[in-house]
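First listed ligand is number 1; within each ligand, the first listed atom is number 1. All values below were derived from every heavy atom in this structure, side-chain atoms included, with hydrogens, water molecules and symmetry-related copies excluded.
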Amino acid sequence: PWICSCAALPTDAEVSCVVKQSCILPCSFQSLGEPILHWTQLKSPELRVHSFYSNQDQLGHQDQNFRGRTSLFLDQVSRGNASLLLRDVQLQDEGRYNCYTSTTEGYKGLIIRLNVDAPVSDIRIHQDGNRITCSSEGIYPQPELTWSTEPPSNMALQNRTTVHQTEEKLYDISSSLTGPDGPDLTYSCSIRTRRNQRRATFRELSPVTVTTDETLLPCSGLNGSETTVVWRFNHQTVLNQTGRSRSVSERWRKHVKDVSERGDLSLQGLDPDLEGNYSCESSDEDETMVTQITVKRGGEETRENS
Ligand SMILES: *[C@@H]1O[C@H](CO)[C@@H](O)[C@H](O)[C@H]1NC(C)=O
Ligand SMILES: *[C@@H]1O[C@H](CO)[C@@H](O)[C@H](O)[C@H]1NC(C)=O
Ligand SMILES: *[C@@H]1O[C@H](CO)[C@@H](O)[C@H](O)[C@H]1NC(C)=O
Ligand SMILES: *[C@@H]1O[C@H](CO)[C@@H](O)[C@H](O)[C@H]1NC(C)=O
Ligand SMILES: *[C@@H]1O[C@H](CO)[C@@H](O)[C@H](O)[C@H]1NC(C)=O
């Protein structure tokens, strides 16, 4: 049998790019005389990506996939820089590229492997009856999703995950978890790809019964300075806050007394219309936390005279 002494083989240089962003494929050569440069994508057939000779770009035979998206650092070619700038990176750009450079001193080929990622960005979590659903869209390569609860549940969690690949080859993922139920149980869902991971947490607090016309609703989310907090009431936005900047919706101005730095909400002038479900969503770069709380009016006090 053939035995590969693979350690002796040079491995391709690798570059990781993010979909829709720009990316540099590095390549350099011994600068002498007028160089000839050819960038190709190693597919079958090989695709012409970008060429340069006679001291200028030569794009007559460029593959149309790359039209308008490539450039060299022209001011640096004479110094031996043959790196390629690729803009608006797409999933189909993934693969191996050859950077061929030729001068009076000889020629060489350099192979670069380009990996394209669409990282996990927004991740949503919500409750619907006794089912919690977590989802995210536009991810590549195929993500993995895991659930956990706090405190840990000793029952196997009944989860159902569906993954769908769009025409653009991006993955949409969604997972639902049914019970174990109960207030003060925290559900977390993590979605991970090779590039990054994000977590979303849902927690339902015990309902509060309000007897005065003021109350404090805890958010207990994240507390970094980059945290964004959004409070909603039955799905309408009450306010949002990022660092020191806060925006309260018109209708809620008279009811919002204060919001603490970590997002706890002080309400005043509570009337029966304000009974219902409040949720606080706080998120930072890696994580989203949703805290839901149901507010009911209680007590026998009569308020007609006040
Ligand atoms: C080529 O030039 C670009 C732009 O200045 C730079 O980012 C890149 O690192 C250079 N590459 C090499 C191989 O020198
Ligand atoms: C999700 O369900 C699968 C089987 O349906 C099970 O193997 C897995 O452990 C469950 N995941 C969690 C986090 O409970
Ligand atoms: C805020 O976060 C920091 C670090 O993550 C932690 O040490 C601190 O106890 C938190 N403060 C509050 C009030 O939760
Ligand atoms: C926060 O509120 C402002 C003003 O209403 C709005 O422009 C912005 O999009 C909101 N941000 C979020 C995350 O809802
Ligand atoms: C509020 O939440 C509870 C528990 O999740 C749910 O049963 C109820 O239908 C919700 N009410 C509204 C107005 O959304």
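More than 12 heavy atoms of other residues, nucleotides or ligands shown are found within 6.0 angstrom of CZ on Phe73.
Looking at Ser176, Ser135, Ser174, Ser175 one by one, the single match for side chain to side chain donor-acceptor pair (under 3.5 Å) with Thr161 turns out to be Ser175.
Using modelled atom types, one side-chain atom of Gln62 and one backbone atom of Val49 make a donor-acceptor pair closer than 3.5 Å. Between the side chain of Arg198 and the main chain of Glu285, a donor-acceptor pair closer than 3.5 Å is present. Remark: the backbone N or O of Asn277 is paired with a side-chain donor or acceptor of Asn234 at under 3.5 angstrom.
Residues meeting the ring pair (Phe, Tyr, Trp, His ring centres under 6.0 Å) test with Phe233, sequence neighbours left out: Trp252, Tyr278.
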Just list the N/O pairs, ligand 1 to protein, that are under 3.5 Å apart, with the distance for each.
from: ligand 1; atom 1: 2 (O); to: Gln76; atom 2: OE1; distance (Å): 3.4
from: ligand 1; atom 1: 2 (O); to: Asn81; atom 2: ND2; distance (Å): 2.3
from: ligand 1; atom 1: 5 (O); to: Gln76; atom 2: NE2; distance (Å): 2.8
from: ligand 1; atom 1: 11 (N); to: Asn81; atom 2: OD1; distance (Å): 3.4
from: ligand 1; atom 1: 11 (N); to: Asn81; atom 2: ND2; distance (Å): 3.0
from: ligand 1; atom 1: 11 (N); to: Ser83; atom 2: OG; distance (Å): 3.1
from: ligand 1; atom 1: 14 (O); to: Asn81; atom 2: ND2; distance (Å): 3.3

